[in-house]
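Here's the structure we're looking at; comments come further down.
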Amino acid sequence: MFVLAPLENLFRPMFKKEDLNLGKKLGEGAFGTVYKASLVNKQLLKKDGPLVVKKANEYGAVEAWMNERVRRACRKSCADFIHGFLDETSSNGKDEFWLLWRYEGSSTLADLMGSRDFPYNVEELLLGPGKGGDLPRGPERQNRIIRITMRQILSALAQLHSTGIVHRDIKPQNIIYSEETKSFKIIDLGAAADLRVGINYIPKEFLLDPRYSAPEQYIMSTQTPSAPPAIIAAALSPVLWQMNLPDRFDIYSLGLIYLQMAFPNLRSDSGLISFNRQLKRRDYDMVEWRKLVEAKQSQDIKQGFEILDMDSGVGWELVQDMLRFKGRKRISANAALAHPYFSREGLLGLSIMQRLRMNVLRGAQPDNEGVDWVTSLMAKSGTDSVGGFTEAQLQSMREKEPKVKGSVRRNAMAQALRIQRKAARTIAATVDEIQKGEGAKRVNWWNRWQN
Ligand SMILES: Nc1ncnc2c1ncn2[C@@H]1O[C@H](COP(=O)(O)OP(=O)(O)OP(=O)(O)O)[C@@H](O)[C@H]1O
């Protein structure tokens with residue numbers, strides 16, 4: 001960041017407003033106006049194609065800075081940023097900041113979700129026309145499309161978070177379908193906070209879209225002092241990150257999007273607002289919410305739960321993990337990507353593996369440390385070609401169940417051991433279950449799994 005940023009400015013093309021022809025207005029928000037645009041002189045950029053210009057107010061400089069950082073650290077997760085510059089000659093006498101991106105395409109996830117054909121319209125975009133035809137239209141096919149979409153958005157979020165950036169405004173309007181990469185990307189970093197440098201990180205700032213924001217109002221505890229100088233912020237950021245887990249704010253917003261994709265009646269603003277109200281009244285207990293709405297017998301509700309309950313309810317598990325009231329108990333983007341919901345499709349023995357992973361995750365919930373421990377084990381385990389646990393690994397974990405020692409029970413170590421024991425017991429129980437139920441078939445299954 002400190003080295004590459006100045007170097008980059010020496011080599012990247014610079015623009016001024018005379019280089020740009022503004023076209024159709026694409027949007028107007030609190031922070032500026034967005035236009036489709038083209039270059040007056042096409043030679044200025046190596047790759048031709050339409051552009052997007054945002055004429056922003058005083059926050060534009062922060063948004064440009066954030067976009068440059070994303071371009072260096074995780075460029076595939078967000079819209080392709082080209083350049084940002086200050087226009088001191090603006091007609092209204094105020095400084096205007098111009099931001100320039102490549103035009104990714106004409107559809108945001110909000111546009112796509114607004115169509116009656118959702119999610120099949122997304123399937124065509126992600127897989128190509130006619131490529132989803134192996135399954136008849138119905139919950140199973142919808143589940144597959146939603147899962148691919150969720151994986152793409154979560155991967156983009158995981159990259160942003162690992163860069164130290166929290167978006168703070170994740171919503172379908174800010175997720176765009178890129179026609180070039182045929183995948184979803186995140187846009188609008190205008191409300192983002194970069195904890196590594198302290199940019200835009202003001203604990204008391206209130207910039208949230210109430211429809212999609214998590215119950216906590218601040219991404220950082222209000223006890224945390226305001227941003228220190230950049231270099232100190234960079235050194236402190238892992239500690240602050242660990243203390244506050246600010247990334248979980250975005251996860252809640254994505255959890256809401258997941259629900260909207262599954263339940264057609266939650267896609268409208270009024271549907272989402274009434275969901276938020278219902279959940280708040282039930283103290284953010286999703287099981288209670290489910291009891292409430294299932295009693296209503298609506299077709300949309302039935303359809304949504306049919307999707308979430310597939311594969312032993314992995315989707316329902318995931319959405320609950322994303323929508324937990326306390327940020328600390330909410331799943332991280334990386335842990336969500338390792339959730340059984342995203343297990344590879346079509347592998348032999350998948351359902352047993354899914355069951356195992358889910359039991360282990362269930363056993364570790366709601367201890368977030370437990371989930372992290374389990375996911376790190378999963379990430380390290382398995383064969384080269386296939387993730388997950390091998391039978392030998394499961395057996396050795398089973399034998400290595402940590403021993404209890406009365407005196408250490410009260411300290412933090414005891415807590416960690418307790419979670420490990422819980423996970424180890426779950427693994428043992430699941431292995432027993434598999435051994436009992438599958439009998440002779442089991443040997444073949446494991447052999448096939450490891451090959
Ligand atoms: N790179 C891009 N490619 C194509 N369209 C884009 C791109 N960036 C933005 N848009 C379009 O412009 C609209 C507004 O963009 P953006 O959300 O960044 O602006 P904003 O002023 O912050 O708006 P809001 O306050 O409503 O979020 C988007 O909804 C999208 O339709």
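Keep in mind it's a predicted model, so treat the numbers as computed, not measured.
Using a cut-off of 4.0 Å between Lys/Arg side-chain N and Asp/Glu carboxylate O, Lys291 and Asp285 are scored as not salt-bridged. Ion pairing of Arg330 with Glu216 is present here, as a side-chain N (NZ or NE/NH1/NH2) and a carboxylate O approach within less than 4.0 Å. Electrostatic pairing of Asp321 and Lys329 does not count as a salt bridge here, judged by no charged N lying under 4.0 Å from a carboxylate O.
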Practice problem: Quick one: do Trp65 and Asp194 satisfy side-chain hydrogen bond (donor to acceptor under 3.5 Å, both in side chains)? Show the steps, please. | Solution: CA-CA 10 Å; Trp65 194 92; Asp194 184 338; over 6 Å; no

Quiz item: Going through the checks in order, is the side-chain hydrogen bond (donor to acceptor under 3.5 Å, both in side chains) test met by Asp250 and Ser253?
Solution: CA-CA 5 Å; Asp250 291 343; Ser253 312; 5.2 Å; no

Quiz item: Would Val70 and Ile186 count as a side chain to side chain contact (heavy atoms under 4.5 Å, CB included) if you check the C-alpha gap in whole Å, the side-chain angles of each, and the deciding distance to 0.1 Å?
Solution: CA-CA 11 Å; Val70 164; Ile186 293 171; over 6 Å; no

Quiz item: So Tyr212 and Gln260, side-chain hydrogen bond (donor to acceptor under 3.5 Å, both in side chains) or not? Walk me through it.
Solution: CA-CA 11 Å; Tyr212 290 90; Gln260 287 189 296; 2.8 Å; yes

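Residue pairs meeting the salt bridge (Lys or Arg N to Asp or Glu O under 4.0 Å) criterion with at least one partner in residues 252-272, sequence neighbours excluded, are Arg211-Asp269. Under the ring-ring contact (aromatic ring centres under 6.0 Å, His included) criterion, the residue pairs touching residues 157-192 are Tyr177-Phe184, with sequence neighbours excluded.
Between the CD1 atom in Ile301 and the CG atom in Asn265 there is a gap of 4.5 Å [rounded to 0.5 Å]. Taking CG from Leu126 and CZ from Arg144, the interatomic distance works out to 11.0 Å, rounded to the nearest 0.5 Å. Considering CG of Leu308 and CG of Leu318, their distance stands at 9.0 Å, rounded to 0.5 Å. Here Leu323 contributes atom CG and Leu259 contributes atom CG; the two are 5.5 Å apart, rounded to the nearest 0.5 Å. Distance check, rounded to the nearest 0.5 Å: CG of Leu254 to CD1 of Ile170 gives 7.5 Å. The CZ atom of Arg324 sits 8.5 Å away from atom CD1 of Ile331, with the distance rounded to the nearest 0.5 Å.
Ring orientation note: the planes of Tyr341 and Tyr258 are tilted relative to one another, at an angle of 30° to 60°.
At a threshold of 4.5 Å between non-hydrogen side-chain atoms, the residues Lys185 and Cys78 do not count as touching.
Residues forming a salt bridge (Lys or Arg N to Asp or Glu O under 4.0 Å) with Arg141 (at least two apart in sequence, or on another chain): Glu123. Scored by the salt bridge (Lys or Arg N to Asp or Glu O under 4.0 Å) test, Glu180 finds Lys47 as partners (sequence neighbours excluded). In this structure, the ring pair (Phe, Tyr, Trp, His ring centres under 6.0 Å) partners of Trp289, at least two apart in sequence or on a different chain, are Phe263, Phe275, Phe305. Contacts of Ser106 classified as side-chain contact (heavy atoms from CB on, under 4.5 Å), with partners at least two apart in sequence or in another chain: Tyr103, Glu179. Tyr284 meets the ring pair (Phe, Tyr, Trp, His ring centres under 6.0 Å) test with Phe325; sequence neighbours excluded. Every residue two or more places apart in sequence or in another chain was checked for a salt bridge (Lys or Arg N to Asp or Glu O under 4.0 Å) with Glu124, and none qualifies. For Asp117, the side-chain contact (heavy atoms from CB on, under 4.5 Å) test picks out Ser115, Tyr120, Asn121, Arg137, with sequence neighbours left out. When the side-chain contact (heavy atoms from CB on, under 4.5 Å) test is applied to Arg277, the partners found at least two apart in sequence or on another chain are Ile273, Ser274, Arg281. Applying the side-chain contact (heavy atoms from CB on, under 4.5 Å) criterion to Ala158, with sequence neighbours excluded, gives Ala333, Asn334, Leu337. When the salt bridge (Lys or Arg N to Asp or Glu O under 4.0 Å) test is applied to Lys171, the partners found at least two apart in sequence or on another chain are Asp169, Asp209.
In this structure a side-chain-to-backbone donor-acceptor pair under 3.5 Å is present from Arg71 to Phe81.
The shortest heavy-atom contact between Gln320 and Met286 is CG-CB, 4.0 Å.
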